[in-house]
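Just so it is clear, the model here is predicted, and its values are computed rather than measured. Any value given below was found using the heavy atoms of this structure, including those in side chains, with hydrogens, waters and symmetry copies removed.
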Amino acid sequence: MLVQKRTDLAVEARELYQETARREPEGVDWEETSQDGIGLTRVHVRNAQGARALDKPVGTYVTADLGERWERDEQTIAAAAHLLARELAALLPPSPQSVLVVGLGNRHITADALGPLAVEKVIVTRHLKDSMPDAFRQFSRVSAISPGVLGLTGVETGEIVQGVCQRVGPDAIIAIDALASRRLSRLCRTVQLSNTGITPGGGIGSGRTALDKATLHAPVIAMGVPTVVDAYTLAADLWEQAGGALPQEEALLPDSAMVVTPKDIDQLMHKSAKVVGYAINMALHQDLSIGEIEELLG
């Protein structure tokens with residue numbers, strides 16, 4: 001039995017392919033750069049062959065490496081927000097008139113609360129532009145929801161978002177969710193953006209209906225921060241680094257319904273949500289400074 005290590009990051013999917021096939025995946029291009037001291041990796045899945053190799057839809061995946069202890073430096077937080085805003089704007093359609101921000105995840109589970117926490121940092125203006133159009137002329141029309149999870153609402157997240165899209169008619173959707181990584185070193189230190197949509201439950205639990213252009217009839221930009229490592233994926237990587245061979249028999253494989261997360265996850269989630277939310281504000285409401293964003297958020 002071939003063991004599948006779990007990750008939601010395109011950069012790690014490429015790493016896993018290289019480790020298994022001992023070559024670069026065909027149909028996939030990638031580049032590494034650095035801006036403002038933050039590492040950027042762009043992975044472009046060009047065709048169906050590349051999609052099969054990485055098990056990722058065709059599209060562009062941008063991963064920003066914020067570095068160790070980034071959350072303790074306000075200058076790094078500001079630089080990260082500006083950088084992510086530029087990358088997000090490049091993935092969005094040109095000058096969208098209406099954008100819906102969707103915060104996926106369970107507010108009551110810390111490692112899964114990125115989406116709801118980030119939505120709290122987004123400046124929503126749809127109602128204000130309708131009631132005071134002159135005062136908010138320079139702002140984009142932004143609405144936001146945190147639909148919760150099936151276990152709490154009894155309604156599929158995809159159904160809720162589809163219903164809201166039918167009423168709001170956004171030109172683009174930004175979906176935020178917690179992700180799973182294969183390495184502890186990337187937890188709450190990286191942010192992934194992609195133009196391929198997202199499946200709710202990617203970071204914790206099983207995925208359900210995908211939120212993408214096919215289901216929502218508008219481009220879906222996904223933003224995610226890895227907050228957990230699957231326990232078996234972590235154990236397998238550590239075992240292989242120590243020179244061990246993984247068991248091939250299915251009976252020897254442990255139950256991997258367990259995840260590992262940083263001990264200071266509560267603080268890291270609030271900081272991650274702040275960076276993601278501020279980046280969305282900068283991308284959608286141009287020329288806003290961090291000070292102005294904080295003033296508007298109260």
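Hydrophobic clustering, with ILVMFWY side chains joined whenever heavy atoms are under 4.5 angstrom apart, groups Leu88 together with Leu83. Hydrophobic clustering of Ile, Leu, Val, Met, Phe, Trp and Tyr side chains at less than 4.5 Å, counting indirect connections, unites Ile265 with Val275.
The distance from the OG atom of Ser140 to the CG atom of Leu92 is 9.5 Å, given to the nearest 0.5 Å. Interatomic distance, OG of Ser194 versus NZ of Lys56, reported as 8.5 Å (0.5 Å rounding). Rounded to the nearest 0.5 Å, atoms CG (Asp230) and OG1 (Thr7) are 10.5 Å apart.
Closest approach of Ala178 to Asp112, counting heavy atoms only: CB-OD1, 4.0 Å. Ala222 and Gly197 make their closest contact through CB-O, 3.5 Å (heavy atoms, listed as atom of the first residue, atom of the second, distance). Residues Val45 and Gly50 come closest through the heavy atom pair CG1-C, 3.6 Å. Closest of all the heavy-atom pairs between Gly59 and Asn195 is CA-OD1, 3.5 Å. Between Ala81 and Tyr278, the shortest heavy-atom contact is CB-CB, 4.1 Å. Looking at every heavy atom in both residues, Arg141 comes nearest to Arg126 through NH1-O, 3.6 Å.
Checked by atom type, the side-chain pair Glu24/Gln18 shows a donor-acceptor distance below 3.5 Å. Side chains of Arg6 and Tyr232: no donor on one and acceptor on the other come within 3.5 Å. Side-chain N/O atoms of Glu12 and Ser181 include a donor and acceptor closer than 3.5 Å.
Considering only heavy atoms from C-beta on, Asn106 comes within 4.5 Å of Leu152 through its side chain. Within the 4.5 Å cutoff, no side-chain heavy atoms of Ile221 are placed close to those of Ile173. Under the 4.5 Å side-chain criterion, counting only non-hydrogen atoms from C-beta, Ile176 is not in contact with Leu104. Here the side chains of Val62 and Thr41 are not in contact, with every heavy-atom distance at 4.5 Å or above. Proximity of Val58 to Thr196: side-chain heavy atoms (C-beta onward) are nowhere separated by under 4.5 Å. Between Ile174 and Leu284 there is a side-chain heavy-atom pair separated by less than 4.5 Å. With contacts defined as side-chain heavy-atom distances shorter than 4.5 Å, the pair Glu68/Arg189 qualifies. Side-chain contact check for Gln162 versus Leu216: some heavy-atom pair is nearer than 4.5 Å.
A 6.0 Å sphere centred on CG of Asp130 holds more than 12 heavy atoms belonging to other residues, nucleotides or ligands. Enclosure of atom CD in Gln138 is not indicated, since only 12 or fewer non-hydrogen atoms of other residues, nucleotides or ligands lie within 6.0 angstrom. Heavy-atom contacts from other residues, nucleotides or ligands closer than 6.0 Å to CG of Asp55 number 12 or fewer. Remark: Gln286 CD is loosely packed, at most 12 non-hydrogen atoms of other residues, nucleotides or ligands lying under 6.0 Å away.
In summary, Glu294 and Lys274 engage in a salt bridge, as defined by a charged side-chain N under 4.0 Å from a carboxylate O. With respect to Arg14 and Glu26, no salt bridge is recorded, no charged nitrogen being found less than 4.0 Å from a carboxylate O. Here Arg86 pairs with Asp36 in a salt bridge; the nearest charged N to carboxylate O distance falls below 4.0 Å.
Checked by atom type and distance alone, the side chain of His44 never pairs as donor or acceptor with a backbone atom of Trp30 at under 3.5 Å.
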(Q) side-chain contact (heavy atoms from CB on, under 4.5 Å), that's the test. Do Thr110 and Thr261 meet it? Break it down for me. (A) CA-CA 10 Å; Thr110 304; Thr261 196; over 6 Å; no
Q: Take Glu74 and Lys271 through the test salt bridge (Lys or Arg N to Asp or Glu O under 4.0 Å) and record every step on the way to the result.
A: CA-CA 10 Å; Glu74 289 299 322; Lys271 293 285 189 177; 3.6 Å; yes
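The salt bridge (charged side-chain N to carboxylate O under 4.0 Å, His left out) test applied to Lys121 returns no partner, not counting sequence neighbours. The side chain to side chain donor-acceptor pair (under 3.5 Å) test applied to Glu87 returns Arg42, not counting sequence neighbours.
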